[in-house]
Student: 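Sharing a structure, written as structure tokens. Questions coming.
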Amino acid sequence: MKETLTDLLNDSLDRACRDGSLAVKTVPPIQLDVPKDASFGDFATNLAMVLSGTVKRPPREIAKTLIDHISDLDGIIARCEIAGPGFINFYLREDYWLRTLKEIDAAGEAYGRSNLGKGRRVLIEFVSANPTGPLHIGHGRGAVVGDALARLLEAAGFAVHREFYVNDAGRQLRTLGCSVWIRYRQLFDGSVPFPDEDGYPGEYVIDIAKALQRRDADQYLGMDEAEAVERLSEFAAERILAGIRADLDRMEIRFDSFFSEKALYRDEKVQACIAELDAKALLFREENGALLLRTSTLGDDKDRVLIKGDGDPTYFASDIAYHRDKFARGFEQLVNLWGADHHGYVPRMKSAVQALGHDADALRVVLIQMVNLLRDGKPVRMGKRSGEFVTLSEVLDEVGNDVARYFFLLRRSDSHLDFDLDLAKTQSNENPVYYVQYAHARICSVFRQAEERGLSVPAAEDVTMERLALPEEIDLMKYLATFPEVVEGAAMAMEPHRIPFYLQELATRLHAYYFKHRIISDDRELSQARLFLIGRVRTVIRNGLTLLGVSAPVTM
RNA sequence: GCGCCCAUAGCUCAGCUGGAUAGAGCGUUGGACUACGAAUCCAAAGGUCGCAGGUUCGAAUCCUGCUGGGCGCGCCA
């Protein structure tokens, strides 16, 4: 309906220009807002104020002209008012909102979806945790936000591909191999020392060594160290990756592909990428033999090394090759979720994207800030190398998937998050998760009640919807009508947290309505109308929760 | 030293591309179940939107400077 009004305004502006009442050369984008204060109408526009600069006439006068030129053929506007410095406030006919209910009824699960993305292919890369240890809570946040974002983009009409980048080529993996190697030998000879630095001390490494011993006994002991470390690191990475997949599976996060860094080298894609950049004359060599990319001309602070003086490629080189491959696979828009501590890497990667011949905006990076795990109000220490971190799977054991997901999605992803384990575990009103779920369960309960009393809800066209005229009812309908815009906005801004906020507000309105008015009464016609209304609320809550990957329970 | 992010109620945070009297949850205080689930609802108290300038019809939002906090600045990954 926002579009309908926008059209009406555009039309009015057009008409006013033609008959000479307004001299506007360039039409500004029309902005329509839902005012915070309901007394300012259902929608308001600042159009007159925006125009007053170019037209050189007082805003209120322009507003008057615009209103006079509106032709509301469908009769959706009850009245318009000029307010304050020159706002035009629109008051829609109340029965107009009944259309929203029919719309939701007709669309069902599809209500809120749009074709904004026009099927454009998007690759969203997230988690991408190194296969050197189990996922921790920070990874969990990235995983959940990435998944919700993917769902949002799908809802907005994009063709989304979810990818996990596996860093299986770097030094970290070798370090892991060494750690397992030492733990493995310790199983046979307790005097073998574990290094103070440069190793993964975690308990899970010992488990891996034991598993290796169970499978292959002592067959690595006599092996050449380099070869043993190589084979052990592979074994360990596979095993850890399997654990990561199990965690993701548990959160119902599925990837379309796992992309191996090692494969980039194996398939000589890094070399091909460097050759392409070289052909574009974007590379230069320094005295010591290092090869650099001229990123400084593309928005980065300085030029970056692709091949080191010793001949080895940098991580940056393989990363460029990786992104080149993403484009080569036909994705027009790339979305990366990175830990916020990598923010300095963003301009570098964007300049690389430009070097490959794409627009800098073809890559969008969503930064995920740190998570502080709190227990008893105190932060739980989680040194990466201390080995005593709390794993994601332990957190899931404690609080469950719904709660974990909701907590992660409750804040903007680029701000710090305190994850309060005690709060997350309380099954009470202090826990925000249940508020929305309860609204859904409550509606389901009313429907069960209705059924018991032999009350069924007829098809939309047989419901006497005009019986819905209470302020709380109109209010609910208006709010339901904004859901598609909220989804679109959240998708385009890549801010999933807007959805929980919307749902919370919707639940508030539902609870308030429920408390004040009876749904089921002796008035059969009224009862059916009200059931129809809360049925649509249920649809929207369910659709919203689905976008978050949180369940919508029928009972609690 | 340079760069990025943040600063809003006692606490945790929203505030949609600048819009009208800055919102929510928790906490505090006081109310509401013989009717559809009280995991709920209603009400009150609580703010110099870090500070100082600037841009304009209009600024929590944009610009500059400052203060305070987080994080980056490898031929590491």
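A note on names: the letters A, B, ... follow the listed sequences, proteins ahead of strands, and every chain is numbered from 1.
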Student: Would you say A/Lys36 places a side-chain N or O within less than 4.0 Å of OP1 or OP2 belonging to B/rU21?
Tutor: no
Student: Work out how far the P atom of B/rC49 is from that of B/rA20, and round it to whole angstrom.
Tutor: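 Pairwise P distance, B/rC49 against B/rA20, rounds to 15 Å.
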Student: Is any side-chain nitrogen or oxygen of A/His497 closer than 4.0 Å to OP1 or OP2 of B/rG15?
Tutor: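 For B/rG15, OP1 or OP2 has a side-chain N or O of A/His497 closer than 4.0 Å.
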Student: At under 4.0 Å between heavy atoms, what does A/Ser521 touch on the DNA or RNA strands: base, sugar-phosphate, or nothing?
Tutor: nothing
Student: Is B/rC33 syn or is it anti, if syn means the base angle is within 90 degrees of 0?
Tutor: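 With its glycosidic angle within 90° of zero, B/rC33 counts as syn.
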Student: Respond yes when some side-chain nitrogen or oxygen of A/Tyr434 is under 4.0 Å from OP1 or OP2 of B/rA39, and no when none is.
Tutor: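 Indeed not, no polar side-chain atom of A/Tyr434 lies that close.
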Student: Taking only the side-chain nitrogens and oxygens of A/Arg448, find out if one of them lies under 4.0 Å from OP1 or OP2 of B/rG37.
Tutor: no
Student: State whether A/Arg442 places a side-chain N or O below 4.0 Å from either non-bridging phosphate oxygen (OP1 or OP2) of B/rA38.
Tutor: yes
Student: When you look for runs of 3 or more Watson-Crick or G-U pairs in a row, both distances below 3.5 Å, which of them include RNA chain B?
Tutor: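 So the stems come out as B:1-5 with B:69-73, B:10-13 with B:23-26, B:28-32 with B:40-44, B:50-54 with B:62-66.
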Student: Can you work out whether A/Leu367 or A/Phe40 has the more 5'-proximal nearest nucleotide on RNA chain B?
Tutor: A/Leu367
Student: When you check the phosphate oxygens OP1 and OP2 of B/rA39, does a side-chain N or O of A/Tyr514 lie under 4.0 Å from one of them?
Tutor: no
Student: I'd like the C1' distance from B/rC66 over to B/rG46, given in whole Å.
Tutor: 29 Å
Student: Looking only at the aromatic ring of each residue, does the gap between the centers of A/Tyr165 and A/Tyr322 stay below 6.0 angstrom?
Tutor: yes
Student: Please tell me whether A/Glu230 and A/Ser233 have a donor and an acceptor in their side chains that are separated by less than 3.5 angstrom.
Tutor: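 Side-chain D/A pair, A/Glu230 to A/Ser233: absent.
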Student: For A/Leu417 and A/Pro35, find the nucleotide of RNA chain B closest to each by heavy atoms; which residue's nucleotide sits nearer the 5' end?
Tutor: A/Leu417
Student: Within the 4.0 Å heavy-atom criterion, would you say A/Lys516 contacts the bases, only the backbone, or no part of the nucleic acid?
Tutor: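 Counting heavy atoms under 4.0 Å across all strands, no contact is made by A/Lys516.
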Student: Taking any heavy-atom pair under 4.0 Å as a contact, classify A/Asp300: base, sugar-phosphate, or nothing.
Tutor: nothing
Student: Within the 4.0 Å heavy-atom criterion, would you say A/His440 contacts the bases, only the backbone, or no part of the nucleic acid?
Tutor: nothing
Student: Under the rule for salt bridge (Lys or Arg N to Asp or Glu O under 4.0 Å), what residues qualify as partners of A/Asp418, not counting sequence neighbours?
Tutor: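 Testing A/Asp418 for salt bridge (Lys or Arg N to Asp or Glu O under 4.0 Å), a comparison that skips the adjacent residues, returns none.
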Student: Would you indicate what A/Ser415 reaches in the nucleic acid, counting non-hydrogen atoms under 4.0 angstrom: base, sugar-phosphate, or nothing?
Tutor: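 Sugar-phosphate contact only.
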Student: Whether A/Arg79 engages the ring of A/Tyr91 as a cation-pi pair (distance to the six-membered ring centre under 6.0 angstrom, angle to the ring normal within 45°) should be assessed.
Tutor: yes
Student: Under 3.5 Å, is there a donor-acceptor pair linking the side chains of A/Ser521 and A/Asp523?
Tutor: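 Checked: A/Ser521/A/Asp523 side chains show no N/O donor-acceptor pair below 3.5 Å.
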Student: To the nearest angstrom, how far is A/Phe87 atom CZ from B/rA20 atom C1'?
Tutor: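 One finds 5 Å between C1' of B/rA20 and CZ of A/Phe87, rounded.
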Student: If a protein heavy atom is under 4.0 Å from the base, mark B; if only from the sugar-phosphate, S; if neither, -; do that for nucleotides 71-77 of chain B going 5' to 3'.
Tutor: BS-SBSB
Student: Aromatic ring centroids of A/Phe407 and A/Phe419 under 6.0 Å?
Tutor: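 Here the rings of A/Phe419 and A/Phe407 have centres that are less than 6.0 Å from each other.
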Student: Any base atoms under 4.0 Å from A/Ala83, or only sugar-phosphate, or nothing? Heavy atoms, all strands.
Tutor: base
Student: Check whether the side chains of A/Gln172 and A/Thr132 place a donor and an acceptor atom closer than 3.5 Å, and report yes or no.
Tutor: no
Student: State whether a side-chain donor-acceptor pair under 3.5 Å links A/Gln437 with A/Asp402.
Tutor: yes
Student: Is it the case that the side chains of A/Lys262 and A/Asn167 hold a donor-acceptor pair, with the cut-off being a distance below 3.5 Å and no angle test?
Tutor: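 Note: A/Asn167 and A/Lys262 side chains miss the donor-acceptor criterion.
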Student: Check whether the side chains of A/Glu261 and A/Ser318 place a donor and an acceptor atom closer than 3.5 Å, and report yes or no.
Tutor: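 A pair is found: one side chain offers a donor N or O, the other an acceptor, under 3.5 Å apart.
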